[in-house]
Amino acid sequence: MQTSHSPSETESSPPESGDRKIPLDLVAGLVLGGIAAFFLLASGEGTLDWIFPSTLGYGSAIVAVVLVLRGLLGFGKRVPRFPSMLSGPSRDVAVFIVIMAGYVLLIRPLGFWPASAITIFVAAAYLAPRRSRRNVTIAVVAALVVVVLAYLLLVEVFYVAYPRARWLPFRL
Amino acid sequence: MLEGLSLAVAPASLFAIVIGVLSGMLVGALPGFTATMGTALLLPLTFALPVDQGLAMLGGLYVAAMFADSVPACLVNIPGTPSALATALDGFPLTQKGEGQKAIIASSFSAFIGTTIGGFTFMFLTGPLAEVALRFGPPEFFWVGVFSLTIIGSIAGDSLLKGVAGGMFGMLVGAVGISATGAVTRYTFGLPELRGGLNVVAALIGVFAIPQVIAMVSDRHQNVTVATYQRSHGVVLATVKEILQRPGNVIRSSILGTLVGILPGAGSPVASPLAYNEARRWSKDKKRFGKGALEGVVASEAAGNAAAGGAMIPTLGLGVPGSAPAAVILGSLLLHGVRPGPQLFQTGSELIYGFAWAVILAGIATLILGSILAGGLARMITIPTHLLAPIVLFLSVAGSFAVRNSMVDVFLMLGLGVAVYFLAKLGFHPGPIGLGIILGPIVEPALVQALAIAQARPVVDVFLGSFVAKTLILLTLASIVWVLYSNRKEARADLTLAE
């Protein structure tokens, strides 16, 4: 995945006055610290059962402290303090995450195959470069073709029992 | 040996091998579907067949599935199985450069070499290597796991510190569920659905597929397709020639894969990343790794497929399954009334050699089919991202559910995927996270068992007592020193270039 590249560890830039950027390592350290705290607070007692995750939790906490210190000392890349979530790629990502969440929540009530077809159609139509009848038609066809082929392979060949669409009068 | 060959090349056996290979390619290429599932699905079909043909079919599926998991890894950065994690690190960047067909051909050829070396090793060295496998107990497995974790240094991206943190996070995620001793449930928060923990395959789909899908969504205006497809003539021979120009890499990886494969429970998921790490360590240009280095794909695939052959050594030589698919194959033997073990090599040697030859022939079939299909498969990446992203999402959900027929795996897969996407924005590379998820369930049980043994013996004696353990510790220390040294050297070289 090529979503981002970590900064060089030797790069540093002093904050300018009025700069609304925050050191990336500081944010990373705080997030990692939160994860470590979560796992450590949820840990129990008992040497053999908890020695491994506890060690990992403390190790993560130590790395988190180092990252926070690096960030506070000004090392590493700087990122916008409040990234915009309402425009461009960030909005598309937010909408797509909502579509993913909606997909898995609809599987039980609608059944796996109808929910999958609807999701592929909605996502493909939303992500299409232009809103046009052609692109909507392509989205419909793609959803149906993929779902039908997958059904034949996964259910008829591999016998995987996906959640059924109980509201349909036939077995699907 | 020749009787075994005559069994393997009988028309009925060859047909069984082809069926197995085609099934294996289908199973391996679908994210979430593993060689274990494929062998289990095909097992009932073998009841009606003579035992040698049934074994040939299952062996063919195993070999083909170990190659086919590289197809989604290379094309859309989704490792089909844990062993394809290392393949994805360089296979997908190759696809992004328009060389997806080359990546798949390299996978199939490396898989063929690995299978051949693993198969011949199984044929000739089962006895002595099975004895080696017996020397590995819990402390030794623990050190194998720790040594494997040093691979993080090779796949951490630009920040070794964040790579280590990612590995620890992956192992923590793998700790959800029932503990290694089975006495307590961990991080389940009272939810019975979490007692089963997070399935490794579903977790890997989450770590690699979902962030990739979100990245496709985010970048779709700049990248209408994942990559371009460039048809090139003679790519098969050119790729094979390029691989054979560095024979040391593919041979070393195959031998390493075979040796790791003989350790029950280790197998391809450990062999592939280890071989990748060694390929990077011995490369003259380490910076290319992670950006489309063919040697990375070659090392991972050769080792992964060689491990399949290696896994047969304890399976048939000792009656101890070397891997999950090997366990299904062992079951098939038992159902046919054949008892694996040392005596099988005396009373049923033609069956053993026939199976070994069938595995090698399956490697050849995989190479031929893989080379033929590579072009067509690589074309799939020309599907526009606004269609490909929802389709990959659907396949990820379908695959995650299929592992254990559980929606919990789907929810956890998606949640982990979204979390890893944002962690990647903070500089935490998904590779170490995936490696931690794979190795955590190997390292922790070994540690716990070793500590339990240490209640009756001195701890130092348990962890440092055997020659194998000491060797592994030295290798681990050398690997850590090497990682730190090479990272420092690269940082100095970058600084010099910048000046």
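Here the structure is a predicted model, which is why all the values come from computation and not from measurement. Proteins get letters first, then strands, A, B, ... in listed order; numbering begins at 1 in each.
- Only the side chain of A/Phe112 comes within contact range of chain B, judged by heavy atoms closer than 4.5 Å.
- Looking at heavy atoms from C-beta onward, A/Ile107 lies out of side-chain contact with B/Phe401 at the 4.5 angstrom threshold.
- Per-residue heavy-atom pair counts under 4.5 Å with chain B were compared for A/Leu67, A/Val27, A/Thr119, and the maximum is reached by A/Leu67.
- When side chains are defined from C-beta on, B/Phe428 does not count as touching A/Val31, because their heavy atoms never get closer than 4.5 Å.
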Could you walk me through whether B/Leu172 and A/Ser60 pass the side-chain contact (heavy atoms from CB on, under 4.5 Å) check? CA-CA 10 Å; B/Leu172 277 170; A/Ser60 300; 4.2 Å; yes

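- Interface residue A/Leu153: only side-chain heavy atoms are found under 4.5 Å from chain B.
- Interface residue B/Val448: backbone and side-chain heavy atoms are both found under 4.5 Å from chain A.
- Ring centers of A/Phe38 and B/Phe189: under 6.0 Å apart, within the cut-off.
- The part of A/Ile97 that comes within reach of chain B is its side chain, from C-beta onward, which places non-hydrogen atoms under 4.5 angstrom from that chain.
- Residue contact with chain B, scored on non-hydrogen atoms closer than 4.5 Å, involves the side chain of A/Leu154 exclusively.
- Residues B/Val213 and A/Phe96 are in side-chain contact: their nearest non-hydrogen atoms beyond the backbone lie under 4.5 Å apart.
- Only the backbone of B/Thr185 comes within contact range of chain A, with at least one heavy atom under 4.5 Å from a heavy atom of that chain.
- Residue B/Gln449 does not touch chain A at all, counting heavy-atom pairs closer than 4.5 Å.
- Contacts of B/Phe394 with chain A are made by both backbone and side-chain atoms, with heavy-atom separations under 4.5 Å.
- Chain A forms the most heavy-atom pairs under 4.5 Å with one residue out of B/Leu395, B/Val418, B/Asn405, and that residue is B/Asn405.
- Between B/Gln455 and A/Leu48 there is a side-chain heavy-atom pair separated by less than 4.5 Å.
- For B/Leu447, the part sitting under 4.5 Å from any heavy atom of chain A is the side chain, from C-beta outward, and nothing else.
- Between B/Tyr187 and A/Trp50, a ring centre-to-centre spacing shorter than 6.0 Å is recorded.
- Under a 3.5 Å cut-off, the side chain of B/Arg186 and the backbone N or O of A/Ala42 do not form any donor-acceptor pair.
- When each of B/Val443, B/Leu451, B/Val410, B/Val397 is scored by its heavy-atom pairs under 4.5 Å with chain A, the top score falls to B/Val397.
- In this structure, chain B has no heavy atom under 4.5 Å from any part of A/Thr55.
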